[in-house]
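Each chain gets a letter, A, B and so on, in the order the sequences are listed, and its residues count up from 1.
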Amino acid sequence: MHIDENELPKAYDAREKEAKWYEYWLRNGYFTPKIDKTKKPFVLIQPPPNITGNLHLGHALTSTLEDIMVRYHRMCGEPTLWLPGTDHAGIAAQVVVERELAKEGLTRQKIGRDAFMERMWSWVANCRANISNQHTRLGVSYDTTRLAFTLDEGPSLAVRTTFKNLYDKGLIYRGERITNWCPRCATALSDLEVDHEDEKGHLWYIRYPLADKPGEYVTVATTRPETILGDTAVAVNPADDRYKDLVGQMLILPLVGRKIPLIADEMVGIDFGTGAVKTTPAHDPNDFEVGHRHNLPIINIFDNHACINENGGKYKGLDRDEARKVILKDLEDQGYLVKVEDHVHAVGHCQRCRTTIEPQASSQWFVKIESLAKPAIEAVKTGEITIVPERFTKVYLNWMENIKDWCISRQLWWGHRIPVWNCHACGHMTCAVETPTECEACHSADIHQDDDVLDTWFSSGLWTHSTLGWPNKTEDLDYFYPTSVMETAYDILFFWVARMIMMGIANTGKVPFHHVYLHGLIRDEKGEKMSKTKGNVIDPLVVVDEFGADALRFSLILGITPGNDSKLGRNKIEAGRNFANKLYNAVRFVLRYANEDTPTVIDNAKLKLEDKWILSRLNSVAKEMNQMLTDFQFGEAIRTIHDFIWGELCDWYIEMAKVRLNHDDQSPMPVLLTVIERSLRMLHPFMPFITEELWQTIKTAGGFATDKSSIMISEYPQFDEAFHFEKEEAQMSTLTEIVRTLRNTRSEYEVDINKTIDAYVYCDELANVLSPYTATILTLAKATVRFEEKRTDDVPKQSIVEVLPNAEIIIPMASLFDLEAQLAKLNKELDEAVKEQARLESHLNDETFRSRAPQQVIEKEQARLDAALEKQTKLREHIKNLAA
RNA sequence: GGGCGGUUAGCUCAGUUGGUUAGAGCACCUGCUUUACACGCAGGGGGUCAUAGGUUCGAGUCCUAUACCGCCCACCA
């Protein structure tokens with residue numbers, strides 16, 4: 001069937017086509033792998049986006065990288081599973097919905113747990129639909145039939161089972177610890193969920209009177225004067241001579257009046273402040289440990305929202321900032337405040353709501369992590385898991401080797417409830433996978449489930465196997481686990497990747513994946529992190545609407561390297577669109593000559609020079625593409641195929657093909673169709689929509705025969721020795737050099753646009769090969785060329801002479817150029833050739849070089865020397881000729 | 001306080017075992033409404049590869065310092 005290219009618009013418009021093809025792929029079930037036990041599958045579990053809002057460019061990058069890998073491996077014939085899902089995102093999602101409530105003047109406490117959960121679920125439904133739609137628009141080829149959510153029954157069962165297993169092994173425990181407390185979220189956080197930032201603060205010096213020596217005192221320095229209410233000691237370093245004699249004495253706590261001891265502990269630095277530290281075990285991690293060592297009372301002075309509680313006496317009810325002001329004023333009024341200094345120190349903030357963290361003693365659940373970390377460290381050390389880029393291996397190992405117990409309980413409502421039931425009768429804790437009806441110790445029915453939920457990363461940590469059915473023995477788990485690649489951003493290496501490795505090994509005895517590919521963050525054109533508050537966020541869908549998904553994908557991938565941040569602006573996206581348009585128009589050209597009568601099968605005997613050249617180049621590119629896609633070099637891969645299509649196929653092959661088509665020559669169509677079809681296949685993983693569209697169009701026009709119904713299930717092109725034509729590649733490069741030189745000469749001498757120039761080309765045995773191309777050269781460079789093997793005559797006077805590696809070009813057109821300029825140019829070239837000769841000679845005469853450099857390098861250098869000498873001879877002759 | 005990354009053309013970045021004359025996109029200059037494409041074609045200018053040493057026959061690439069920028073980790077009140 002002939003498709004008239006004139007009926008197609010001149011510019012490619014992605015809009016209506018993308019949705020159509022996505023629907024087609026989905027309908028045909030290409031995204032769902034068929035389990036084939038004779039083949040090793042390629043498996044990639046999608047990092048589940050948080051259900052906190054729209055997807056941003058970071059998600060678009062992740063999706064694109066994953067889609068590239070998945071489409072590539074699928075085209076290589078591997079049963080390929082890309083399993084999608086979303087994450088309930090615990091605290092992050094709860095904060096978002098709480099903000100929505102706040103707009104209505106509500107809080108979760110006001111509406112109650114049940115109503116709040118209802119709000120959460122309706123938010124989730126909206127959000128998940130939205131995320132799915134966004135993914136669809138980006139072209140992700142993930143298996144929609146396996147779409148998972150962390151709160152689904154399967155993953156939830158995995159969570160409870162894991163908890164119980166670890167609990168039974170004694171690897172989960174409940175304990176009173178200092179934890180990072182967010183007073184806004186009213187929950188404990190893990191260390192990772194706290195962002196430290198330097199802040200300008202003050203160091204207040206406060207005197208604590210000695211109980212038994214009126215008028216004498218010890219001065220402490222503190223950044224947190226309000227915590228004085230919870231002080232239960234003052235500590236000094238045992239080696240500090242200033243305080244040696246005072247250790248053991250009692251001090252009177254200002255404002256409070258409580259008697260507290262002066263103790264000695266190694267923790268205290270002698271150099272800082274006064275060398276005496278007020279010790280508040282309930283509100284400082286160090287002090288907590290000191291308190292433990294010295295059996296100090298732990299006095300918690302804050303309620304869940306960091307307001308002073310009943311332990312704060314008359315200050316009760318003040319929040320921590322007000323309390324600080326009032327207490328400082330009281331200290332000053334009563335003469336306890338000695339001085340104030342400016343002081344910069346790191347302050348922790350809640351990762352999700354930015355509220356200043358309050359270190360606070362509370363009872364929480366922890367994972368005893370050391371024994372879980374050990375095999376996870378081994379797996380990376382032995383190379384069973386590799387991390388790309390490699391430098392993150394060190395970061396990973398360093399963190400894992402210094403890992404601390406993981407606080408997993410959150411005082412939130414949104415998440416997996418901790419599967420532990422407390423008995424009101426005997427106090428025993430019953431841990432169970434399924435809801436028990438009675439206490440396992442005393443069989444009382446008066447039991448109540450722990451109110452806390454688990455850290456959202458606890459369920460994420462199981463994601464590689466919980467989505468495949470674990471703890472049940474499923475076919476999926478059996479066939480697809482361990483997975484192949486974990487692709488994600490480097491900023492969640494600890495949060496997620498490390499936890500998956502630990503939990504994966506703990507639950508299944510196998511590593512969860514073999515390769516970790518870490519991508520960088522996307523920044524705006526100025527290199528700043530995109531954020532809603534800065535207003536520099538680019539919405540992927542807005543880009544897709546304007547430029548198409550393929551253009552966006554191109555711009556996201558081009559030039560990126562693993563683990564490095566990249567910048568994205570309009571320019572780059574336009575480059576992507578331009579490339580799509582270029583490809584589209586190349587196909588429009590092809591369609592002009594393609595119909596069911598077009599020959600499409602290549603006859604090797606009839607291949608011309610440029611045919612062999614483009615086939616050979618295509619072949620090399622296929623080799624490179626496979627290598628780079630295997631090595632995770634996506635940025636380089638897309639540039640390679642881009643450069644091939646634009647710079648070789650379009651700029652040279654198609655231009656030469658036009659001449660053939662106009663001259664009733666051997667048809668270029670079989671080769672052209674073959675090359676373009678394979679190019680589309682090579683590009684498909686990167687730009688799936690346009691490649692499918694064009695592939696189907698050419699197929700419909702009878703451009704090639706295939707039993708495949710879609711490009712996405714056709715084979716990824718591989719290197720084929722039969723199409724490797726080294727000699728023709730070299731010959732073609734001489735031809736293109738000749739054309740370039742002629743064009744260059746025209747431009748340089750400002751030859752009239754309508755004037756055809758004459759040229760003689762002397763190129764030994766190549767003359768026979770290239771002389772059929774005079775018509776081509778006439779079209780491409782507007783020059784009439786005569787090819788000869790050897791020059792027999794002298795060079796005609798006043799000619800432009802160009803010396804190429806394998807050819808000598810003489811353009812007798814004295815009337816069209818400036819004689820002086822030409823002479824100067826030749827002299828300059830001669831100069832360079834002489835310098836080159838000198839450099840090479842000294843190099844080649846160097847004994848050390850001769851003895852140590854590999855033979856082929858020496859030969860190469862020698863060849864270059866010969867070339868330089870020959871060039872000189874020719875140039876001298878031409879100069880002489882011209883000057884005559 | 002440790003650790004890591006970056007510093008290459010005006011801008012954004014490639015450059016994977018050290019080996020021709022360091023590349024691309026965008027921007028810039030010149031000329032082209034050539035029936036695939038002006039989202040284009042042809043030609044061109046532009047880089048002492050941050051600095052200083054070192055290793056090597058040979059360094060953008062390896063080593064050692066230094067400077068600036070950025071990131072991560074860390075309990076010093």
**Q** Should A:Ile260 and A:Val234 count as side-chain neighbours, where that means a heavy-atom distance under 4.5 Å?
**A**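 Yes - at least one pair of side-chain heavy atoms lies under 4.5 Å apart.
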
**Q** Is A:Thr561 touching bases, backbone alone, or none of the nucleic acid, heavy atoms closer than 4.0 Å?
**A**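 Sugar-phosphate: the residue A:Thr561, judged by heavy atoms under 4.0 Å, touches backbone atoms but no base.
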
**Q** Does some side-chain heavy atom of A:Trp399 sit less than 4.5 Å from a side-chain heavy atom of A:Leu493?
**A**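 Not in contact.
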
**Q** Could you tell me how far apart A:Asn585 (CG) and B:U34 (C1') are, to the nearest whole angstrom?
**A**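 Value for this atom pair: 15 Å.
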
**Q** Starting at the 5' end of RNA chain B, which residue's closest nucleotide do you reach first, A:Glu636 or A:Asn744?
**A**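 Whichever sits nearer the 5' end wins; that is A:Glu636.
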
**Q** CZ of A:Arg743 versus P of B:C32: gap in Å, rounded?
**A**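 Rounded to the whole Å, the gap is 17 Å.
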
**Q** Check nucleotides 62-65 of chain B against the protein and report each pair of N or O atoms closer than 3.5 Å, with its distance, or say if there are none.
**A**
none

**Q** Looking for any heavy atom pair under 4.0 Å, which part of the strands does A:Arg391 touch: base, sugar-phosphate only, or nothing?
**A**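 A:Arg391: backbone/sugar contact only, no base atoms under 4.0 Å.
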
**Q** Sequence neighbours excluded, which residues qualify as ring pair (Phe, Tyr, Trp, His ring centres under 6.0 Å) partners of A:Phe547?
**A**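 Expected list: none.
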
**Q** Can the ring centres of A:Phe288 and A:His283 be said to be less than 6.0 Å apart?
**A**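 Distance test on ring centres: not under 6.0 Å, no.
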
**Q** What integer distance in Å separates A:Ile560:CD1 from B:G5:P?
**A**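 One finds 19 Å between P of B:G5 and CD1 of A:Ile560, rounded.
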
**Q** Tell me, please, which residues at least two apart from A:Phe689 pass ring pair (Phe, Tyr, Trp, His ring centres under 6.0 Å).
**A**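 Partners of A:Phe689 by the ring pair (Phe, Tyr, Trp, His ring centres under 6.0 Å) criterion, ordered by chain and then number, come out as A:Trp25.
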
**Q** Determine which pairs satisfy salt bridge (charged side-chain N to carboxylate O under 4.0 Å, His left out) with at least one residue from residues 396-406 of chain A, sequence neighbours left out, and list them in order.
**A**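 For residues 396-406 of chain A: A:Lys381-A:Glu401.
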
**Q** Does the ring of A:Trp652 carry A:Arg660 above it, NZ/CZ under 6.0 angstrom from centre and within 45° of its axis?
**A**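 Judged by the rule (NZ or CZ under 6.0 Å from the ring centre, within 45° of its axis), A:Arg660 is not positioned above A:Trp652.
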
**Q** Indicate yes or no: at least one non-hydrogen side-chain atom of A:Val739 is less than 4.5 angstrom from one of A:Leu742.
**A**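 Counting from C-beta outward, A:Val739 and A:Leu742 never come under 4.5 Å.
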
**Q** With a cut-off of less than 4.0 Å, is there a side-chain N or O of A:Lys10 near OP1 or OP2 of B:C39?
**A**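 Answer is no, no contact under 4.0 Å.
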
**Q** Please work out if A:Arg740 contacts a base, only the sugar-phosphate, or nothing of the nucleic acid, heavy-atom cut-off 4.0 Å.
**A**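 Counting heavy atoms under 4.0 Å across all strands, the contact made by A:Arg740 is with sugar-phosphate only.
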
**Q** Mind checking the C1' distance from B:C13 to B:U17? Whole angstroms is fine.
**A**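 Looking at atom C1' only, B:C13 and B:U17 are 23 Å apart.
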
**Q** Please give, in whole Å, the distance from B:A42 P to A:Ile654 CD1?
**A**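 Rounding to the nearest Å, CD1 of A:Ile654 and P of B:A42 are 12 Å apart.
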
**Q** Using the C1' atoms only, state how far B:C39 lies from B:G25, rounded to an integer number of Å.
**A**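 Rounded to whole Å, the distance is 14 Å.
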
**Q** Specify the separation, in whole Å, of atom CH2 of A:Trp652 and atom P of B:C41.
**A**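 It is 13 Å, rounded to the nearest whole Å.
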
**Q** Quick check on B:C39: is either OP1 or OP2 less than 4.0 Å from any side-chain nitrogen or oxygen of A:Lys582?
**A**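 The answer is no; no side-chain N or O of A:Lys582 sits under 4.0 Å from OP1 or OP2.
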
**Q** Determine, for nucleotides 68-77 of chain B in 5'-to-3' order, which nucleotides have protein heavy atoms under 4.0 Å from the base (write B), from only the sugar-phosphate (write S), or from neither (write -).
**A** -----S-B-B

**Q** Need one value for A:Asp651: base, sugar-phosphate or nothing, where a base atom within 4.0 Å counts as base even if backbone is also close, heavy atoms only.
**A**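 Sugar-phosphate only.
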
**Q** Going by atom types only, do A:Ser190 and A:Glu193 share a side-chain donor-acceptor pair under 3.5 Å?
**A**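 Yes, side-chain donor-acceptor contact under 3.5 Å.
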
**Q** Using whole Å, what does the distance between atom C1' of nucleotide B:G58 and atom CZ of A:Arg850 come to?
**A**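 These atoms are roughly 15 Å apart.
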
**Q** Which is it for A:Phe579 and A:Phe554 under the ring pair (Phe, Tyr, Trp, His ring centres under 6.0 Å) test, yes or no, and what are the steps along the way?
**A** CA-CA 9 Å; A:Phe579 179 48; A:Phe554 178 91; 5.5 Å; yes

**Q** Can you sort out the partners of A:Glu266 under salt bridge (charged side-chain N to carboxylate O under 4.0 Å, His left out), two or more places apart, ordered by chain and number?
**A**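 None.
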
**Q** What integer number of Å spans the C1' atoms of B:C49 and B:A42?
**A**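 Going atom to atom, C1' in each nucleotide, I get 30 Å.
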
**Q** Would you kindly give the CG-to-C1' distance between A:Asn564 and B:G15, to the nearest whole Å?
**A**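 Going from A:Asn564 (CG) to B:G15 (C1'), I get 13 Å.
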
**Q** Would you confirm whether A:Thr179, through its side chain, and A:Trp181, through its main-chain N or O, come within 3.5 Å as a donor-acceptor pair?
**A**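 Checking the backbone N and O of A:Trp181 against the side chain of A:Thr179, no donor-acceptor pair under 3.5 Å is found.
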
**Q** Do A:Asn237 and A:Asp265 pair up side chain to side chain, a donor and an acceptor below 3.5 Å, judged on atom types alone?
**A**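 Short answer, no.
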
**Q** Apply ring pair (Phe, Tyr, Trp, His ring centres under 6.0 Å) to the pair A:Phe272 and A:His343, showing each step before the final yes or no.
**A** CA-CA 12 Å; A:Phe272 190 89; A:His343 182 67; 5.6 Å; yes

**Q** Expressed as a whole number of Å, how far does the P atom of B:G43 sit from that of B:A50?
**A**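 Nearest-Å result for B:G43 against B:A50 at atom P: 31 Å.
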
**Q** Students often get this wrong, so: under 4.0 angstrom with heavy atoms, is A:Glu289 touching a base, only sugar-phosphate, or nothing?
**A**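 No contact.
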
**Q** Who pairs with A:Asp284 by salt bridge (charged side-chain N to carboxylate O under 4.0 Å, His left out), at least two apart in sequence or on another chain?
**A**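 Expected list: none.
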
**Q** When you measure from the side chain of A:Glu655, which nucleotide among B:A14, B:A36, B:C32 comes out closest?
**A**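 Output: B:A36.
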
**Q** Name all residues meeting the ring pair (Phe, Tyr, Trp, His ring centres under 6.0 Å) criterion together with A:Phe392; count only those two or more places apart in sequence or in a different chain, and write none if there are none.
**A**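 Ring pair (Phe, Tyr, Trp, His ring centres under 6.0 Å) check on A:Phe392 returns A:Tyr490.
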
**Q** Suppose you measure atom P in B:C4 against the same atom in B:A65; what distance do you get, rounded to whole Å?
**A**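 After rounding to an integer number of Å, I get 11 Å for this pair.
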
**Q** Write out all pairs satisfying salt bridge (charged side-chain N to carboxylate O under 4.0 Å, His left out) with one or both partners inside residues 572-588 of chain A, taking only residues at least two apart or from two chains.
**A**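 Checked against salt bridge (charged side-chain N to carboxylate O under 4.0 Å, His left out) - neighbours excluded - the pairs reaching residues 572-588 of chain A are A:Arg570-A:Glu574.
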
**Q** Suppose you measure atom C1' in B:G47 against the same atom in B:G23; what distance do you get, rounded to whole Å?
**A**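 Those two atoms are separated by 11 Å.
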
**Q** Could you check whether A:Glu341 and A:Tyr205, counting side-chain N and O atoms only, form a donor-acceptor pair closer than 3.5 Å?
**A**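 Side chains of A:Tyr205 and A:Glu341: pair found under 3.5 Å.
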
**Q** Say you pick atom P in B:G46 and the same atom in B:C29; how far apart are they, in whole Å?
**A**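 That atom pair is separated by 16 Å.
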
**Q** Between the protein and nucleotides 20-30 of chain B, list the N/O to N/O atom pairs that are separated by less than 3.5 angstrom.
**A**
unit_1	atom_1	unit_2	atom_2	d
B:U20	O3'	A:Arg864	NH1	3.4
B:U20	O3'	A:Arg864	NH2	3.2
B:U21	OP1	A:Arg839	NH2	2.7
B:U21	OP1	A:Arg864	NH2	2.7
B:C26	O2'	A:Asn571	ND2	3.1

**Q** Write down the distance separating the P atoms in B:G15 and B:U61, rounded off to the nearest Å.
**A**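 To the nearest whole Å, 14 Å.
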
**Q** For A:Phe632 and A:Phe634, take the angle between the two ring planes, folded into 0 to 90°, and tell me which bin it lands in: parallel under 30, tilted 30 to 60, perpendicular over 60.
**A**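 Geometry flag for A:Phe634 against A:Phe632: perpendicular rings.
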
**Q** In this structure, which stretches of RNA chain B are paired as stems of three or more consecutive Watson-Crick or G-U pairs, both distances less than 3.5 Å?
**A**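 Consecutive-pair runs (3 or more) involving RNA chain B: B:1-7 with B:67-73, B:10-13 with B:23-26, B:28-32 with B:40-44, B:50-54 with B:62-66.
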
**Q** Under 3.5 Å between N/O atoms: give me all the protein pairs with nucleotides 55-57 of chain B, atom names plus distance.
**A**
unit_1	atom_1	unit_2	atom_2	d
B:C57	OP1	A:Arg852	NE	3.3
B:C57	OP1	A:Arg852	NH1	2.6

**Q** What nucleotide, of B:C39, B:G43, B:C37, holds the atom closest to the side chain of A:Ala11?
**A**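 Minimum distance to the A:Ala11 side chain belongs to B:C39.
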
**Q** Quickly work out the A:Leu694 CG to B:A36 C1' distance and round it to whole Å.
**A**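 In whole Å, B:A36 C1' lies 12 Å from A:Leu694 CG.
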
